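To start, the structure under review is shown below, and the notes come after it.
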There are 2 protein chains.
Amino acid sequence: MASGQGRVLELAVLGSLHETPLHGYELRKRLNALLGMFRAFSYGSLYPCLKSLLEQGLIAEEHPTAVTGRSKIVYKLTAEGKERLQELLTQAGPSAWEDESFGVHFAFFRHTEAEVRLRILEGRRSRLEERLDGVRTALARTRERLDSYTLELQRHGLESVEREVRWLNELIATERRASQEPAKDMSSDE
Amino acid sequence: MASGQGRVLELAVLGSLHETPLHGYELRKRLNALLGMFRAFSYGSLYPCLKSLLEQGLIAEEHPTAVTGRSKIVYKLTAEGKERLQELLTQAGPSAWEDESFGVHFAFFRHTEAEVRLRILEGRRSRLEERLDGVRTALARTRERLDSYTLELQRHGLESVEREVRWLNELIATERRASQEPAKDMSSDE
DNA sequence: AATTTCATGTAATTCGTTACATGATTCC
DNA sequence: GGAATCATGTAACGAATTACATGAAATT
């Protein structure tokens, strides 16, 4: 019982707080600036999440500086919170590939191990390729002539997903290149 | 109590059944072929939805042809179901603009009035433009230098949304052109 | 005969939202 | 001193999923 709010929001909060301590209101703005193109969290989910993280000891209120009548509650990551964050950042399974969570995982790639980054990017790519396959074969199977709107929707959808696959291909290539040159500064060839 | 499953799934089911009667299993495949690029429904949501629509009298089982031991339950739209579908197709408010529902509304544009189509496309466009605005200003506000992953995420996100806006612009232009030529066949000018 | 795929359904759970309620602080 | 926006929180609900359970039909 009560393991807390969803993993995605948990990661988003812990990841943000890892950078710098923040209070709820500010945190939400940060998140929506960072991820606004993909998703937006509301206060109604954020505050319960903070409460839950606090109860689990993963975050703590920053000391209220004694006398100051605080109307802001600033949270920071605890040691356990940092451990938990690392644990979440190391997850490279489906939970990191899906539409709702991929963007959040990606946003904190700076703190993710190179190997895990690569597995997430590849996982995401094969997830999208499965989707392309599924739709393409289903499309071939449906003999019925589709109306122009349906066709246009299919076309645009396929194109968008194909674009993301190309984007992932570039990122994967970059990651591979980066990991294969641990130290490269002296020019040994011509 | 019990107004039924979400509007999106309801529209998707009624819209599909408007074309041709189907049983649940087949219906799901159709939907996932039609909308697979955007979303996928599971049996766990589809069957309860069918049940609810049946109870509301919006769909009916096709008569089981007497003797045949049916293991398929084929549903078709009732008169009330057609009315309800028209009602849903006429909704041009936010419920038709959002990510989760826009694709479903668009998929049935064939049955939607030209005026409503236009308002949905425009609504969707301004929703996306709001999102672009929000992220852009939030981005300008954050003075902090972002790491390369965050930047790349922002860039890709912005570009994707901008692409969809351009797509919508084309669709809107096409719709406008089409509505302004009610009958154009005889060449009256040179 | 065994396995796969088709087909239907339910219960518990997940993950989040909307709407509401409340008050402090800053801007004009 | 009134309005906007900053700030925190809760209760009720929404919309779908996952996991489970079951069995018929087709394929090998």
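In this text the structure is predicted, and so the values were computed from the model without any measurement. Below, chains carry the letters A, B, ... as their sequence lines are ordered, and counting in each starts from 1. All values below were derived from every heavy atom in this structure, side-chain atoms included, with hydrogens, water molecules and symmetry-related copies excluded.
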| task | Report the distance from atom CG of Asp99(A) to atom P of dG16(C), rounded to the nearest whole Å. | result | 14 Å
| said: Heavy-atom count check: over 12 atoms from other residues, nucleotides or ligands less than 6.0 Å from Glu115(A) CD? | reply: no
Acceptor/donor pairs from residues 162-174 of chain A side chains to any protein atom, 3.5 angstrom cut, sequence neighbours excluded:
{"from": "Glu162(A)", "atom 1": "OE2", "to": "Arg136(A)", "atom 2": "NH2", "distance (Å)": "2.7"}
{"from": "Arg163(A)", "atom 1": "NH2", "to": "Glu159(B)", "atom 2": "OE2", "distance (Å)": "2.6"}
{"from": "Glu164(A)", "atom 1": "OE1", "to": "Arg124(A)", "atom 2": "NH2", "distance (Å)": "3.4"}
{"from": "Glu164(A)", "atom 1": "OE2", "to": "Arg124(A)", "atom 2": "NE", "distance (Å)": "2.9"}
{"from": "Glu164(A)", "atom 1": "OE2", "to": "Arg124(A)", "atom 2": "NH2", "distance (Å)": "3.1"}
{"from": "Trp167(A)", "atom 1": "NE1", "to": "Glu152(B)", "atom 2": "OE2", "distance (Å)": "2.8"}
{"from": "Asn169(A)", "atom 1": "OD1", "to": "Arg125(A)", "atom 2": "NH1", "distance (Å)": "2.7"}
{"from": "Asn169(A)", "atom 1": "ND2", "to": "Val165(A)", "atom 2": "O", "distance (Å)": "3.4"}
{"from": "Thr174(A)", "atom 1": "OG1", "to": "Glu170(A)", "atom 2": "O", "distance (Å)": "2.8"}

| query | Taking atom C1' of dT10(C) as reference, at what distance in whole Å does atom OH of Tyr47(B) sit? | reply | 13 Å
| field | Sidechain-backbone polar pair: Ser101(A) side chain, Ser95(A) backbone, donor-acceptor under 3.5 Å | value | yes
| message | So if I take residues 24-36 of chain B and measure heavy-atom distances to DNA chain C, which residues fall below 4.0 Å? | response | Gly24(B), Tyr25(B)
| Where the side chain of His23(B) is concerned, which of dT17(D), dT10(C), dA7(C) is the nearest nucleotide? | dA7(C)
| said: Rounding to an integer number of Å, can you tell me how far Leu50(A) CG sits from dT8(D) C1'? | reply: 10 Å
| request: Check the distance between dT8(C)'s P and Glu61(B)'s CD and give it to me in whole angstrom. | output: 10 Å
| task | Measure up the His23(A) and Tyr25(A) rings against each other and bin them: parallel (under 30°), tilted (30 to 60°), perpendicular (over 60°). | result | parallel
| request: Can you figure out which of dG16(C), dA16(D), dG9(D) approaches the side chain of Phe41(A) most closely? | output: dG16(C)
| message | In whole Å, I'd like the distance from the CD atom of Glu98(B) to the C1' atom of dT18(C). | response | 13 Å
| Side chain of Arg7(B) - closest among dT17(D), dA15(D), dT8(C) | dA15(D)
| said: Less than 4.0 angstrom from a charged side-chain N to a carboxylate O is my criterion; do Glu10(B) and Arg84(B) meet it? | reply: yes
| What nucleotide, of dT18(C), dG9(D), dG16(C), holds the atom closest to the side chain of Ser42(A)? | dT18(C)
| said: Would you say Lys72(A) places a side-chain N or O within less than 4.0 Å of OP1 or OP2 belonging to dA24(C)? | reply: no
| message | Please report the distance, rounded to the nearest Å, between CD in Glu100(B) and P in dG14(D). | response | 16 Å
| request: Using a cut-off of strictly less than 4.0 Å, decide whether Ser45(B) has a side-chain nitrogen or oxygen near OP1 or OP2 of dA15(D). | output: no
| note | Ranking dT8(D), dG16(C), dA16(D) by distance to the side chain of Tyr43(A), first place goes to dT8(D)
| request: Mind calculating the distance between CZ (Arg39(A)) and P (dC15(C)) to the nearest angstrom? | output: 10 Å
| field | Pairwise side-chain contact, Thr150(A) with Leu34(B), heavy-atom cut-off 4.5 Å (strictly under) | value | yes
| said: Less than 4.5 Å apart, side chain to side chain, heavy atoms only: is that true for Glu62(A) and Tyr75(A)? | reply: no
